[in-house]
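In what follows, a single structure is set out as structure tokens and then discussed.
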Amino acid sequence: MSVLVNKKTKLVVQGITGGEGTFHTKQMMEYGTNVVAGVTPGKGGTMYDGNEKDRFPRPVPVFNTVSEAVQKTGADTSVIFVPAGFAADAIMEAAEAGIKVIVTITEGIPANDMVRVYEYLRKNNVRMIGPNCPGIITPGECKIGIMPGFIHKPGRVGLVSRSGTLTYEAVWQMTERGIGQSTCIGIGGDPVIGTRFVDAVKLFNEDRNTDAIVMIGEIGGTAEEEAAEYIKKHVKKPVVGFIAGQTAPPGRRMGHAGAIIAGGKGTAAEKVAAMKAAGIHVVDSPALIGEMVERVLGRRKAGKTAGGKKKVVRSKGKAARRGGKRSRKGRRK
Amino acid sequence: MKIHEYQAKEILKQYGVAVPRGHVAFSVEEAVKAAQSLPGPVWVVKAQIHAGGRGKGGGVKLARSIDEVRERASEILGMKLVTHQTGPEGRIVKRLLVEEGMNIARELYVGITLDRSMSRNVLMASTEGGVEIEKVAAETPEKILKEFVDPAVGLQAFQIRRLCFGLGLSGDTMKNAMKFFAALYKAYEATDASLAEINPLVLTREGTVLALDAKINFDDNALFRHPDFMDLRDFDEEDPLEVEASKSNLNYIKLDGNVGCMVNGAGLAMATMDIIKLAGGMPANFLDVGGGASAQTVEAGFRIILKDPHVKAVLINIFGGIVRCDRVATGVVEAAKKVDVHVPIVVRLAGTNADLAADILRNSGMRFLVASNLKDAAEKVTKAIAA
């Protein structure tokens, strides 16, 4: 089990014939993601298997519209590699076609476009991850996005983060310690995003195959505080946190459009204080994320019932992707 | 992207927002000419820099004759203006705005920005104009009135009415203010601004409503829709190293510390800065080399970081996911050979082919300090700056 995506996910790639779209579709298919369709307006009716540089394991049918792709292939999830100027339109097209989870990788979408998109998705009850994010992965089952697959390992820790490479860093620290992940969600660093910390935390909290949650935030906005408030009230699972940007000066945009301390709000100190007050295990150094996860899982193992104990032991099993898959299957039966 | 007050006012005027009459001046003579073309008998000479708090810093002066305009203009032009937003180094004033003086009855605040927690634009107004709005927000948040804009229908007249009544307006002033708010919102949306702030918004004794000051920031992501805005960019207001970096597609921000850093990804770059601080140093910069981290980008990064004389060590932290570490390592070696690097370089490469990368660095004949993980990198940086 996992959140939002798994091996049953049927993925349509919007912008599949572009450079980025081609490269990452190949990577996703090789990881085992079930890519059922592509959409590129004007190229409908063809089969696409990549280019000389990046050849897909098998050809994928291309459609002119998302609704046609949904009708013909039963796609339920979409990933968007469409350029920034056209991305808002692509997102709304997917939502209108009945797609339930949209993962928007595109960077640089104007904030005003996203304000309109956000409202449209809210009204249509569609979940979006991103934009400007690495995507979402359920290790061993389904990778939707641009993250390197091999650093992940199936397991029982859910991770949510605003950054890309910093997420990889945290995942890698866990995997190196034999700690696997249920699902990792990169929510993106823009001011307007489809899935916020609190939404992801809620999903992980309700997922019975997630034992602990890692939350990696950064300066700007108040989304971490909002999630901390929720965690304080509703979450019993251990949560490990880190906030990037303790040394960032106010008024400067640190790469991500949303990573800016404005009007004295959004400092790392405020976020860390709110998270600590909510009982989150906050580490000062990004080098200590893996260690802290190991510690809270160990503590849980020692203090919990036999059932909880078993789960943790299983997640720490040596076998990589395969083993994780099998154990999940076994449980379902 | 930030622009000057006079540029913001010119844009606002195009959308029907009332602003005082005025002209930009690049010299004292131009300032005098600008004043002569205005009716008087009172003029305001305003320093144009991209920072707030200009009045307190002595960058805004009243003049009661043309001679006084000349005096004030020559005082302000070329001065080093220090405000709470410029830092102690201040800014040299190179442009002035000369405006007609106003008969001010009341000063209000109005601003439009994106409210991130609501994912909607918000129109804010307050009776506490002319002071720092952050202070008002912190101390008396009830004095800030807010109207959130439904993106499906836009800002509605009833919302503007509610704001005006909340500000205690009536009669002609109310009518003018309604027009003003509607026009301001139109300008905000049409220009893809991320902030449109009028502080103070003034009500004159004659009942007119005007933007005495104006601040507009544009959403960088939307600049592709407004190619003409590029002419408004003032490079004098930007750090020359940051301008140079942007030409190499590097995202660089200069800071005051002693350890330079080069990282792929903004979040990891911030985290690396934090590591440096925890190691006892201070980051000299933020630098995101992006996804590629090729020999060229690393070389450009080295050149920019090493121009800062305070840099005592450099930490390179690359997480190779899709990009392979051995390629990055080759790039780092090539770049370090081309650029005369006179400080210790700590390199930490993780991810795809990290072992191969470490071998390349160790066998390069150069003295890289190769770190195996983030913790190790921090320790090596501590040692490097202590030496």
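Quick note on labels: first sequence line is chain A, next is B, and so on, each numbered from 1.
Interatomic distance, OG of Ser119(B) versus CD1 of Ile193(A), reported as 8.0 Å (0.5 Å rounding). Taking CG from Asn112(A) and CG from Asp192(B), the interatomic distance works out to 5.0 Å, rounded to the nearest 0.5 Å. Separation of atoms CD1 (Ile275(B)) and OG1 (Thr247(A)) is listed at 10.5 Å; rounding is to 0.5 Å. Here the CD1-CG distance, from Ile216(A) to Leu268(B), works out to 10.0 Å after rounding to the nearest 0.5 Å. Interatomic distance, Arg348(B) CZ to Glu169(A) CD, rounded to the nearest 0.5 Å: 4.0 Å. Here the CD-CG distance, from Glu119(A) to Asp150(B), works out to 5.0 Å after rounding to the nearest 0.5 Å.
The part of Glu291(A) that comes within reach of chain B is its side chain, from C-beta onward, which places non-hydrogen atoms under 4.5 angstrom from that chain. For Asp376(B), no part lies near chain A; criterion is any non-hydrogen pair under 4.5 Å. When heavy atoms are compared at a cutoff of 4.5 Å, Arg253(A) approaches chain B by way of both its backbone and its side chain. In this structure, chain B has a heavy atom under 4.5 Å from the side chain of Gln27(A), while its backbone stays farther away. Neither the backbone nor the side chain of Ala223(A) comes within less than 4.5 Å of any heavy atom in chain B. With a 4.5 Å cut-off on non-hydrogen atoms, Arg116(A) touches chain B through its backbone and its side chain both. Residue contact with chain A, scored on non-hydrogen atoms closer than 4.5 Å, is absent for Ser194(B). Contacts of Tyr120(A) with chain B are absent, with no heavy-atom separation under 4.5 Å from either backbone or side chain. With a threshold of 4.5 angstrom between heavy atoms, Lys123(A) approaches chain B through side-chain atoms but not through N, CA, C or O. For Gln246(A), the parts lying near chain B are the backbone and the side chain together; criterion is any non-hydrogen pair under 4.5 Å. For a residue to count as touching a neighbouring chain, one of its non-hydrogen atoms must lie under 4.5 Å from one of that chain's; by this rule Glu176(A) does not touch chain B.
Among Leu255(B), Asp274(B), Leu223(B), Asn251(B), the residue making the largest number of heavy-atom pairs under 4.5 Å with chain A is Asp274(B). Heavy-atom pairs under 4.5 Å with chain A were tallied for Asn317(B), Asn221(B), Leu374(B); the largest tally goes to Asn221(B). For the options Ala257(A), Gly189(A), Gly220(A), heavy-atom pairs under 4.5 Å to chain B are most numerous at Gly220(A).
Side-chain contact between Lys375(B) and Leu288(A) is present, with heavy atoms from C-beta onward closer than 4.5 Å. By the 4.5 Å heavy-atom criterion applied to side chains, Leu114(B) and Val192(A) are counted as neighbours. Considering only heavy atoms from C-beta on, Pro110(A) comes within 4.5 Å of Phe224(B) through its side chain.
Ionic pairing of Asp239(B) and Arg252(A) is not present here: no N-O contact between side-chain nitrogen and carboxylate oxygen is shorter than 4.0 angstrom.
Atom CZ of Phe86(A) has 12 or fewer heavy atoms from other residues, nucleotides or ligands within 6.0 Å. Within 6.0 Å of atom CD in Glu107(A), 12 or fewer heavy atoms from other residues, nucleotides or ligands are found, so the atom counts as exposed in its surroundings. Within a 6.0 Å radius of CD in Glu189(B), more than 12 heavy atoms belonging to other residues, nucleotides or ligands are found. Heavy-atom neighbours of Asp355(B) CG from other residues, nucleotides or ligands within 6.0 Å: at or below the threshold of 12.
Scanning all heavy atoms of the two residues, the minimum distance from Tyr118(A) to Met118(B) falls at CE2-O, 4.4 Å. Taking each heavy atom of Val115(A) and Arg120(B) in turn, the nearest pair found is CG1-CA, 4.2 Å. A pairwise comparison of heavy atoms in Ala266(B) and Gly255(A) identifies CB-CA, 3.8 Å as the closest pair. Nearest heavy-atom pair, Gly267(B) versus Glu218(A), reported as atom, atom and distance to 0.1 Å: CA-OE1, 4.0 Å. Annotation for Gly258(A) and Arg116(B): closest pair O-NH1, 2.8 Å, computed over non-hydrogen atoms. Of all heavy-atom pairs spanning Phe150(A) and Gly351(B), the tightest one is CZ-C, 3.9 Å.
Listed for the Thr165(A) side chain is a donor-acceptor partner under 3.5 Å among the backbone atoms of Asn264(B).
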